[in-house]
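What follows is a set of notes on a single structure, which appears directly below.
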Protein chains: 2
Amino acid sequence: MKRDSRLSGVLHVLLHMAQQPGPFTSETLARAMETNPVVIRRIMAGLRDLGYVRSEKGHGGGWTLACDLSKVTLRDVYAALGSPSLLAMGNRTEAPGCLVEQAVNAALNQAFADAEALLLARLGEVTLKMLSEDLRKRLGSRKIHGIGAHRA
Amino acid sequence: MKRDSRLSGVLHVLLHMAQQPGPFTSETLARAMETNPVVIRRIMAGLRDLGYVRSEKGHGGGWTLACDLSKVTLRDVYAALGSPSLLAMGNRTEAPGCLVEQAVNAALNQAFADAEALLLARLGEVTLKMLSEDLRKRLGSRKIHGIGAHRA
DNA sequence: GTTTCATGTAACTTTATATGTTACGTGATG
DNA sequence: CATCACGTAACATATAAAGTTACATGAAAC
């Protein structure tokens, strides 16, 4: 299965934005992520609707952070994407009449639910602020570089 | 993303086989699972290679259980499928030069690894025998039915 | 007010992967 | 040797993410 990298992508964008004042155009962000501006707008749409970022049209427009980074967790960001399914595996049939299938589903669903719950909990423990601070540590003594200096 | 249901499928097959003596042709199993015989052979190939089941050609041939059901866990079955990825989400880039990407990956990988580990652990706790016994409970007082009586 | 810029969004293409299907080879049974 | 059943390659289909094109909307610059 093709793995969904939207969460990874949107976090990348948000972290870039946290490094310097905005606004950033979709075009600029897309170049930094080596993707298309439309893709940026797509993954940012949910965040905008929830008020985590703001977007402005016209000259000098673009995307701006509009939230307290210490209040927004990775789980919130995940939810803003529409909470896509976390697991790559699922039941063959969701509401089977076959008792064999029911037995299989019962066993798998328990394991699946546990794993999903743990993953969501972990994502809920990490705020954007924590991520941003981790990034600054990685940047180390290096001069805080702008998006222009982004390394492919 | 399309969710992988091979684990669910192969467990379904194994449970059916545990309900009555074999051998079962791919054709028979496929009818019970509403799929194609080739699909059955495909998902059974790994199990055969690991010795969990045996396959015989020619007249009277087919698939037979060849393991101690109390010794094989759902995790073993999962491994027999080739350990396909468990999570539907992943990193945008696996070994990024970009520090922002590295920071994002570090945070996500931790959460992902925890969830995967828990899922594997849970699968490792359930044996085929436990599944089979759960199934018999579900069948209740009902006469143990054969595959022929399988309900669509 | 017209031009330019930037987002918003629909529609289409591409890509990846699971699943389904056809065809044919191999070996075992009768 | 004819039939049965697996083994496997090759091809077809389905679904979802990602990429692309096109155009509408609204804001700023001139």
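No experiment lies behind these values; they were computed from the predicted model shown. In what follows, chains carry the letters A, B, and so on, assigned in the order in which the sequence lines appear, proteins first and then strands, with residues in each chain numbered from 1.
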Tell me which donor-acceptor pairs under 3.5 Å the side chains of residues 61-75 of chain A have, and how far apart each pair is, sequence neighbours excluded?
residue	atom	partner	partner atom	Å
A:Trp63	NE1	A:Ser26	OG	2.9
A:Asp68	OD1	A:Ser70	N	2.9
A:Asp68	OD1	A:Ser70	OG	2.7
A:Asp68	OD2	A:Ser70	OG	3.3
A:Asp68	OD2	A:Lys71	NZ	3.4
A:Thr73	OG1	A:Arg75	N	3.3
A:Thr73	OG1	A:Asp76	N	3.2
A:Thr73	OG1	A:Asp76	OD2	3.2

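Counting to the nearest Å, the P atom of C:dA18 and the CD1 atom of B:Ile43 are 13 Å from each other. Rounded to a whole Å, the CG atom of B:Asn36 is 9 Å from the C1' atom of C:dT22. In this entry the distance linking CG of A:Asp4 with C1' of D:dT15 reads 13 Å, nearest Å. Per the geometry, CD1 belonging to A:Ile40 stands 15 Å off C1' belonging to D:dA17, to the nearest Å. Rounded to whole angstrom, the span from the CG atom of A:Leu86 across to the C1' atom of D:dA16 amounts to 16 Å. In this entry the distance linking NE2 of A:His59 with C1' of C:dT3 reads 8 Å, nearest Å. Atoms CZ (B:Phe24) and P (D:dC4) sit 20 Å apart, rounded to a whole Å. The CZ-C1' distance, from A:Arg54 to C:dG8, rounds to 18 Å in whole Å.
Across all strands shown, A:Arg48 has heavy atoms under 4.0 Å from sugar-phosphate atoms exclusively, and none from any base.
We find that A:Glu125 and A:Arg122 are joined by a salt bridge, their nearest charged nitrogen and carboxylate oxygen being less than 4.0 Å apart. Between B:Arg31 and B:Glu27, at least one side-chain nitrogen of the basic residue sits less than 4.0 Å from a carboxylate oxygen of the acidic one, meeting the salt-bridge criterion.
Between A:Gly60 and A:Val38, the residue anchored nearer the 5' end of DNA chain D, judged by the nucleotide with its closest heavy atom, is A:Val38. The residue among A:Pro84 and B:Trp63 whose nearest nucleotide of DNA chain D is located toward the 5' end is B:Trp63.
For B:Lys2 against C:dT17, no side-chain N or O and base N or O form a donor-acceptor pair under 3.5 Å. At a cut-off of 3.5 angstrom, the base of C:dG20 holds at least one donor-acceptor pair with the side chain of B:Arg42.
When the side-chain nitrogen and oxygen atoms of B:Ser5 are compared with OP1 and OP2 of C:dT19, one or more of them lie within a distance under 4.0 Å. Listed pair B:Arg6 / C:dT19 meets the phosphate criterion, a side-chain N or O lying under 4.0 Å from OP1 or OP2. Between A:Arg41 and the phosphate of C:dA6, there is no side-chain N or O to OP1/OP2 separation shorter than 4.0 Å. B:Ser26 has no side-chain polar atom (N or O) that falls below the 4.0 Å cut-off from OP1 or OP2 of D:dA5. In this structure, B:Ser55 reaches the D:dG7 phosphate: one of its side-chain N or O atoms is under 4.0 Å from OP1 or OP2. A sub-4.0 Å separation between OP1 or OP2 of C:dA18 and a side-chain N or O of A:Arg3 is absent. Between B:Thr25 and D:dC6 there is no side-chain N or O to OP1 or OP2 distance below 4.0 Å.
Listed for the A:Thr25 side chain is a donor-acceptor partner under 3.5 Å among the backbone atoms of A:Thr28. Panel note: side chain B:Arg3, backbone A:Ser85; no donor-acceptor pair is recorded below 3.5 Å.
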